[in-house]
Amino acid sequence: MLITSELRWFNRGKIPPEINDWFNADVFGEHYQLPEEREDIYLYIPECEYLGIKLRQQRLEIKLRKAELDTLSLGDHIEGKVEKWVKWSCEDATAESLIPADALKASPWVSVKKVRSQRKYQVSAEASVTSVPVDKAINEGCNVEITQLDIKDNLWWSLALEAFGEDANLMYNLKTVAVWLFQTYPNFKLQLQNSYAYPKWLAFQPLNIASFFDF
């Protein structure tokens, strides 16, 4: 089980070049995960924004929103909603899929193609932020990711911060990294109305359920 505080935005279209350049800047540290392509398959739950269920390779992940927290404002261009989430993961060590193919054909699952880049930061009690490798295990920190999304040929992009650590430090870790990160952010608005997690983004997609089964 993993408990996190998260801040995320969704916007339509391709990632703007100025946002890509900002995220890839050397000032954010030498440790940077190159864009990774993957496909996640989500259970479509209409108008449900507090629960997410997805398949990724041979892993089943369930996320439940525990609380809606502060609205975070960082200057004139950035405002978002912080939420607290708990995640459970189940991996299948065998060659069989966790969910049989027949179940996928009979239930509302939807494919989301992703190209994701990620950074990871360690946060100290003195509010210092240190770049670390994405695969390094640390106790207190925050992941930052930028993702190009393709859902049924509709393009979106997402920018997110996901803080982890002791429960009492989650908001501190998130705010510390957010304040440090957005000092050099370009003049591209990240608006409160576009700030939410994947379950809400999926729940309000204008999708045709009959088309879910052709992926």
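Worth knowing before you read on, the calculation uses all heavy atoms, side chains too, and leaves out hydrogens, waters and symmetry mates.
Salt bridge absent: E39 and K113 never bring a charged side-chain N and a carboxylate O closer than 4.0 Å. Salt bridge K175/D70: present, at least one basic N to carboxylate O contact under 4.0 Å. Salt-bridge check for K81 with E83: failed, with every basic side-chain N at 4.0 Å or more from each acidic carboxylate O. Ionic pairing of E49 and R65 is present here: one or more N-O contacts between side-chain nitrogen and carboxylate oxygen are shorter than 4.0 angstrom.
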Evaluate the criterion side-chain contact (heavy atoms from CB on, under 4.5 Å) for residue pair V144 and V177; output intermediate values, then yes/no.
CA-CA 9 Å; V144 184; V177 173; 4.0 Å; yes

Applying side-chain contact (heavy atoms from CB on, under 4.5 Å) to Y172 and V123, what does each step give before you reach the verdict?
CA-CA 9 Å; Y172 170 80; V123 180; 3.8 Å; yes

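Under the rule for a salt bridge (Lys or Arg N to Asp or Glu O under 4.0 Å), the partners of E36 that lie at least two apart in sequence or sit in another chain are R56, R116. With sequence neighbours left out, the salt bridge (Lys or Arg N to Asp or Glu O under 4.0 Å) criterion links K84 to D167.
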Would you give me the side-chain donor-acceptor pairs under 3.5 Å for residues 8-18, sequence neighbours excluded?
from	atom 1	to	atom 2	distance (Å)
R8	NH1	E145	OE2	3.3
R8	NH1	S158	OG	2.9
R8	NH2	E145	OE2	3.4
W9	NE1	E79	O	2.9

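Taking the centre of each ring, Y50 and W85 stay at or above the 6.0 Å mark. Between W157 and F188, the distance from one ring center to the other falls under 6.0 angstrom. Two rings, from Y44 and W109, have their centers 6.0 Å or more apart.
With Y121 as the aromatic partner, K136 does not meet the cation-pi criteria of under 6.0 angstrom to the ring centre and within 45 degrees of the ring axis.
Counting heavy-atom neighbours within 6.0 Å of Q193 CD, excluding the residue itself, gives a total above 12. By the 6.0 Å contact criterion, NZ on K87 is enclosed, its count of non-hydrogen atoms from other residues, nucleotides or ligands being greater than 12. When the shell of 6.0 Å around CG of D21 is examined, it contains more than 12 heavy atoms from other residues, nucleotides or ligands.
The line from OG of S131 to NZ of K120 is 11.0 Å long, rounded to the nearest 0.5 Å.
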